Enquirer: 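Next up is a structure, given as structure tokens.
This one's a predicted model, so the numbers in the text were calculated from it and none came from an experiment.
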Amino acid sequence: MNKIKCIVIDDEVQARTLIEIYINKIDVLECVQLFDSPKNVDQFIDENQIDLVITDISMPNELGTDFARRVTDKCKVVFTTAFMNYALEAFDIQALDYLVKPITFSRFEKAMEKAIKQIKLDRVNHQFEKNSSDFLYLRKNNSKHKVFYKDIMYLEADNDYVIYNTLNGRFMIKKSLKHALEELKSDLFIRVHKSYVINKSEISLVKGNVVKISNTEIPIGRVYKSNLKT
């Protein structure tokens with residue numbers, strides 16, 4: 001299987017290094033990045049495919065539990081901590097495991113077995129969904145609407161929300177643009193800017209750093225310009 005990509009967050013250098021050593025002992029895992037706080041990690045997850053976050057809880061600038069609430073819809077979370085009193089909250093957030101320091105490799109390995117199993121299952125389910133549907137359900141005014149991919153013109157990020165601009169109106173859903181693109185499960189859609197995903201079949205004009213969808217001009221980000229050539 002493809003490597004399971006992990007990041008580690010801990011304000012203590014020795015703790016980060018130990019978890020990195022443990023990750024490197026398990027062939028299927030890959031340690032992508034180490035962080036000393038949750039700052040900027042949300043953006044990193046939005047811009048990279050991350051499967052698993054291994055994070056400390058008690059950190060100076062932000063609790064790991066508060067950070068985890070923002071990312072559990074994007075990746076799995078395992079907590080590490082020196083304190084037992086966060087356990088109930090951790091599992092309420094649906095963390096895969098809760099490791100109390102000092103962490104032995106055997107205990108870490110057991111947690112990773114659980115994580116690997118769940119991530120494998122999620123990948124299978126994701127692939128099944130990708131091969132079996134060409135629509136999704138979006139909520140608006142307390143109702144669920146069936147929206148076909150072909151009717152979605154473009155997606156626009158708006159703070160913590162994504163606006164789906166469709167032939168049948170606009171839907172504003174709380175999630176990241178990266179997560180929204182992954183959910184679409186279709187080659188129809190490409191990211192052209194940090195704030196925009198477009199339906200390739202709706203392109204009427206590409207000129208300079210602008211792509212036109214219907215009557216809307218959408219900027220093309222330098223990083224994403226190559227996507228329009230695929």
Side-chain angles (χ1 to χ4, degrees), residues 2 5 7 32 38 40-51 53 67-77 94 119 122-230:
N2 293 335
K5 297 185 182 297
I7 59 174
V32 176
N40 298 325
V41 179
D42 298 71
Q43 182 179 349
F44 185 86
I45 291 173
D46 282 343
E47 295 174 354
N48 298 273
Q49 177 57 53
I50 301 301
D51 301 299
V53 176
F67 162 76
R69 291 181 192 280
R70 299 198 301 272
V71 300
T72 48
D73 64 330
K74 307 169 190 174
C75 47
K76 302 301 180 187
V77 174
Q94 298 184 324
I119 290 166
D122 287 350
R123 286 179 176 179
V124 169
N125 290 339
H126 178 81
Q127 190 60 40
F128 175 77
E129 291 171 1
K130 182 176 180 179
N131 295 334
S132 62
S133 65
D134 59 355
F135 62 87
L136 75 167
Y137 289 98
L138 298 175
R139 284 196 169 275
K140 188 175 184 180
N141 299 328
N142 297 319
S143 300
K144 284 174 68 175
H145 298 257
K146 185 176 183 178
V147 178
F148 287 92
Y149 294 161
K150 63 181 178 61
D151 293 335
I152 300 172
M153 295 183 291
Y154 65 95
L155 280 61
E156 178 181 0
D158 184 357
N159 294 317
D160 294 332
Y161 290 81
V162 171
I163 300 170
Y164 293 75
N165 293 275
T166 81
L167 296 178
N168 301 308
R170 287 156 52 96
F171 297 83
M172 195 169 186
I173 311 294
K174 189 170 185 178
K175 65 178 64 172
S176 70
L177 189 61
K178 176 178 178 288
H179 186 216
L181 178 57
E182 289 172 352
E183 273 189 335
L184 287 170
K185 303 180 286 289
S186 172
D187 294 335
L188 268 179
F189 299 92
I190 55 171
R191 193 164 186 169
V192 295
H193 187 274
K194 66 179 182 180
S195 299
Y196 291 94
V197 165
I198 65 170
N199 184 334
K200 289 188 290 187
S201 68
E202 293 292 327
I203 295 173
S204 58
L205 177 70
V206 178
K207 186 174 182 180
N209 293 321
V210 170
V211 58
K212 196 168 184 180
I213 303 288
S214 185
N215 293 320
T216 303
E217 291 188 346
I218 293 171
I220 301 170
R222 178 178 55 82
V223 176
Y224 302 98
K225 200 161 189 176
S226 61
N227 289 348
L228 287 166
K229 298 176 182 177
T230 60

Enquirer: First locate atom CD of E183, then atom CG of D73, and finally report the distance between them rounded to the nearest 0.5 Å.
Expert: 8.5 Å
Enquirer: Please round to the nearest 0.5 Å and tell me the distance separating atom CE of M172 and atom CG of D160.
Expert: 9.5 Å
Enquirer: Quick one: does any side-chain atom of Y149 pair with a main-chain N or O of L184 as donor and acceptor, under 3.5 Å?
Expert: yes
Enquirer: I need the single residue from N48, V41, D51 that forms a side chain to side chain contact (heavy atoms under 4.5 Å, CB included) with I7. Which is it?
Expert: V41
Enquirer: Pair up each side-chain donor or acceptor in residues 204-218 with any protein partner under 3.5 Å, not counting sequence neighbours, and list the distances.
Expert:
unit_1, atom_1, unit_2, atom_2, d
S204, OG, K212, O, 3.2
N209, OD1, K225, NZ, 2.9

Enquirer: Indicate the atoms forming the closest heavy-atom contact of R139 with F171, along with that distance.
Expert: O-CD2, 4.0 Å
Enquirer: Carefully, step by step, assess V147 and I152 under the rule side chain to side chain contact (heavy atoms under 4.5 Å, CB included).
Expert: CA-CA 8 Å; V147 178; I152 300 172; 3.7 Å; yes
Enquirer: Does a side-chain heavy-atom distance below 4.5 Å link I173 with L138?
Expert: yes
Enquirer: Report the residues that fulfil side chain to side chain donor-acceptor pair (under 3.5 Å) with D42, sequence neighbours left out, ordered by chain and then residue number.
Expert: R70
Enquirer: With a 4.0 Å cut-off on N to O distance, would you call D187 and K200 a salt bridge?
Expert: no
Enquirer: Rounded to the nearest 0.5 Å, how far does OH of Y137 lie from NZ of K144?
Expert: 6.5 Å
Enquirer: Answer whether the closest heavy-atom distance between the side chains of D122 and K76 falls below 4.5 Å.
Expert: yes
Enquirer: If you take all heavy atoms of Q49 and E182, which pair is closest and at what distance?
Expert: OE1-OE2, 3.0 Å
Enquirer: Not counting sequence neighbours, which residues clear side chain to side chain donor-acceptor pair (under 3.5 Å) with S143? List them please.
Expert: none
Enquirer: How long is the straight-line distance from NE2 of H179 back to NZ of K174, given to the nearest 0.5 Å?
Expert: 14.0 Å
Enquirer: I need the L181 CG to I198 CD1 distance, nearest 0.5 Å.
Expert: 11.0 Å
Enquirer: In chain order, what residues pass the side-chain contact (heavy atoms from CB on, under 4.5 Å) check against A180, with sequence neighbours excluded?
Expert: L155, V162, Y164, K175
Enquirer: Suppose we screen for side-chain contact (heavy atoms from CB on, under 4.5 Å). Which residues come up paired with Y224, at least two apart in sequence or across chains?
Expert: R191, K194, N227
Enquirer: Using side chain to side chain donor-acceptor pair (under 3.5 Å) as the criterion, list what pairs up with E47, not counting sequence neighbours.
Expert: Q43
Enquirer: Mind checking the CG-CD1 spacing from D158 to I163? Nearest 0.5 Å is all I need.
Expert: 4.5 Å
Enquirer: Between H193 and P219, what is the shortest heavy-atom contact and its length?
Expert: CB-O, 3.5 Å
Enquirer: Side-chain contact, heavy-atom cut-off 4.5 Å: Q94 with T72?
Expert: no
Enquirer: Looking at side-chain heavy atoms only, is the closest gap between F67 and V53 below 4.5 Å?
Expert: yes
Enquirer: Pairing donors with acceptors under 3.5 angstrom, does anything connect the side chains of S201 and N199?
Expert: yes
Enquirer: Let's go through L177 and D46 carefully: what are the C-alpha distance in whole Å and the side-chain angles of both, what is the deciding distance for side chain to side chain contact (heavy atoms under 4.5 Å, CB included) to 0.1 Å, and is it a yes or a no?
Expert: CA-CA 8 Å; L177 189 61; D46 282 343; over 6 Å; no
